[in-house]
Amino acid sequence: MAARYPLLLDLADRPVLVVGGGPVAARRVAGLLAAGARVTVLAPQLCEDLADLATAGQLTWWPRAGGGADVAGSRWALVHTATGDREVDDEVARAAEDAGTWCVRADRAVASAAHVPAVATGPDGVQVAVSGGADPGRARAVRDAISAQLATGALPLRRTRPGSGPGTVVLVGGGPGDPGLLTVTGRQWLARADVVVTDRLGPRSVLDELAPDVLVVDVGKAAGNHPIPQHQINDLLVEHARAGRTVVRLKGGDPFVLGRGGEEALHCLEHGIAVEVVPGITSAISVPAAAGIPVTHRGITTSVVVASAHAGAGSAVEAARHAPDDATLVLLMGLSTLAESAEGIVAAGRSASTPVAVVSRGWCPDQRTVVGTLATIAQDVREAALPSPAVVVVGDVVTLREHLVSLDRRAGG
């Protein structure tokens with residue numbers, strides 16, 4: 001048999017006839033409706049899915065048996081037949097052939113003038129059609145493998161033709177640093193990016209997977225070293241988006257948890273730039289988990305308060321003062337102010353014997369954890385020479401680490 005000629009059809013607002021009312025027909029109808037077709041179903045009875053669509057007015061139902069005369073009597077852009085009756089399907093296919101209309105047969109793809117391939121769908125309109133060479137199982141297997149690669153961003157998804165108008169800025173939460181904790185949607189956007197503006201705390205190893213012509217702008221900030229101030233980062237996002245580019249702002253953790261993502265989103269929107277937000281796994285929850293510390297636990301506490309100690313201990317002290325007595329306090333960016341924070345939390349009412357854990361470089365190969373109390377933790381961390389970034393956990397949940405130490409990615413660290 002000669003090779004088939006692959007073709008994509010625009011069926012928007014075009015009439016399509018489906019003969020048959022069972023589950024196979026329902027699957028075909030779902031795809032046709034998604035393509036915007038005006039669907040008429042010809043069948044004495046409808047399965048539940050088709051009946052629901054008919055009741056909702058999403059298709060026209062002709063409640064009777066039909067055949068070739070129904071094909072010849074109207075102008076259809078496409079015909080599908082899925083009755084399960086070989087004689088009826090043969091008749092419908094012959095009538096479609098006589099009328100010069102493409103017909104898809106559900107029962108015998110090899111006998112169809114047209115057939116529906118297995119389709120892998122990716123973001124931004126990407127579709128990959130797979131023919132199995134008259135082997136539907138093989139087509140589905142290949143389709144599933146391609147779908148997985150589209151979903152994970154393993155396949156190139158960037159546009160090679162620039163669109164009209166401004167581009168998009170996507171705030172992607174990269175999680176705590178392990179590339180395996182970057183979300184599927186985040187990877188998809190990286191595969192589509194023209195420009196990536198990255199922090200030092202994001203999963204930087206994924207940058208090695210980008211195409212060579214993707215522009216990577218490093219705006220990473222370290223304690224006491226902010227080479228590019230925030231207002232310039234905001235302007236950078238707008239500048240590249242106005243040039244029609246897809247800009248991914250790759251941030252550590254979650255962009256809206258002490259990540260200044262809200263500021264960046266507001267700035268872009270104020271300048272007419274569309275913004276997408278892809279949440280990330282915040283280090284406030286995930287880094288303690290990497291050390292075997294759940295931030296809430298039945299019988300210990302049901303609340304957790306997250307605060308930044310970057311600008312000093314004030315936020316940490318206020319969090320302790322207003323939180324429930326048993327609430328877990330999680331302090332981000334608080335290593336350099338740890339002594340001041342610990343003293344302030346005690347002054348705010350917490351016992352000096354309250355357990356504290358400091359998890360350094362969570363989810364990285366060199367993750368380390370130091371456990372002490374509010375009275376001792378600052379000295380304990382100094383003696384251990386823990387590097388930043390680090391997450392500080394204050395509360396009785398820290399004692400669970402003794403029982404869950406096997407969950408620590410660097411057990412005994």
Side-chain angles (χ1 to χ4, degrees), residues 30-31 34 117-130 139-160 163 167-217 237 240-241 245-262 264-265 268 273-290 362-365 367 407 409:
V119 177
T121 302
D124 201 22
V126 173
Q127 288 185 313
V128 180
V130 180
R140 288 193 295 270
V142 174
R143 183 269 316 276
D144 292 345
I146 294 172
S147 293
Q149 290 186 299
L150 287 170
T152 59
L155 294 178
L157 296 171
R158 288 177 61 208
R159 288 184 175 272
T160 58
T168 301
V169 170
V170 188
L171 307 178
V172 174
D178 185 329
L181 297 179
L182 177 62
T183 65
V184 169
T185 302
R187 283 190 173 273
Q188 287 180 347
W189 276 111
L190 281 169
R192 297 161 63 180
D194 301 306
V195 180
V196 177
V197 179
T198 183
D199 280 346
R200 73 183 184 95
L201 297 182
R204 296 175 70 90
S205 62
V206 300
L207 302 177
D208 297 334
E209 303 170 8
L210 301 176
D213 57 338
V214 176
L215 176 62
V216 177
V217 182
L237 300 177
H240 284 294
R245 302 181 182 112
T246 297
V247 184
V248 167
R249 176 71 169 102
L250 181 61
K251 307 173 76 69
D254 183 278
F256 281 5
V257 179
L258 301 175
R260 305 191 74 168
E264 293 169 352
C268 290
I273 302 300
V275 178
E276 298 271 353
V277 178
V278 179
I281 300 174
T282 174
S283 58
I285 307 299
S286 62
V287 169
W363 291 97
C364 295
Q367 171 182 314
L407 301 182
R409 300 181 71 253

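The shortest side-chain heavy-atom distance between Glu264 and Leu171 falls under the 4.5 Å cut-off. Side-chain atoms of Leu190 and Leu182, non-hydrogen and from C-beta on, do get closer than 4.5 Å to each other. Side-chain contact between Ile273 and Val247: absent, with no pair of heavy atoms (C-beta onward) separated by less than 4.5 Å.
In this structure, Pro179 and Ser205 approach most closely via the heavy-atom pair CG-OG, 3.4 Å. Across all their heavy atoms, Arg143 and Ala120 have their closest contact at CG-N, 3.6 Å. Of all heavy-atom pairs between Ala118 and Ala139, the closest is CB-O, 3.7 Å. The minimum heavy-atom distance between Asp254 and Gly280, with the atom names listed, is OD2-N, 3.0 Å. For the residue pair Pro123 and Arg192, the shortest heavy atom distance occurs at CB-NH1, 3.3 Å.
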Set out, in order, the CA-CA distance, both residues' side-chain angles and the distance that settles salt bridge (charged side-chain N to carboxylate O under 4.0 Å, His left out) for Arg249 and Asp199, then state yes or no. CA-CA 8 Å; Arg249 176 71 169 102; Asp199 280 346; 2.9 Å; yes

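At distances below 3.5 Å, not a single donor-acceptor pair connects side-chain atoms of Arg200 with backbone N or O atoms of Gly252. Between the side chain of Thr183 and the backbone N or O of Gly186, at least one donor-acceptor pair lies under 3.5 Å.
Between atom CG of residue Leu250 and atom CG of residue Leu201 there is a gap of 10.5 Å, rounded to the nearest 0.5 Å. In this structure, CG on Asp194 lies 11.0 Å from CG on Leu210, to the nearest 0.5 angstrom. Here Gln149 contributes atom CD and Leu157 contributes atom CG; the two are 10.5 Å apart, rounded to the nearest 0.5 Å. Atom OG1 of residue Thr168 and atom CH2 of residue Trp189 lie 5.5 Å apart, to the nearest 0.5 angstrom. To the nearest 0.5 angstrom, Leu150 atom CG is 10.5 Å from Gln127 atom CD.
In terms of the side chain to side chain contact (heavy atoms under 4.5 Å, CB included) criterion, residue partners of Ile281 (sequence neighbours excluded) are, by chain and number, Pro176, Leu181, Ser286. Take Ala211 and apply the side chain to side chain contact (heavy atoms under 4.5 Å, CB included) test, not counting sequence neighbours, and it matches Arg158, Asp213, Val214. Residues passing the salt bridge (Lys or Arg N to Asp or Glu O under 4.0 Å) test with Arg245: none are found, sequence neighbours excluded.
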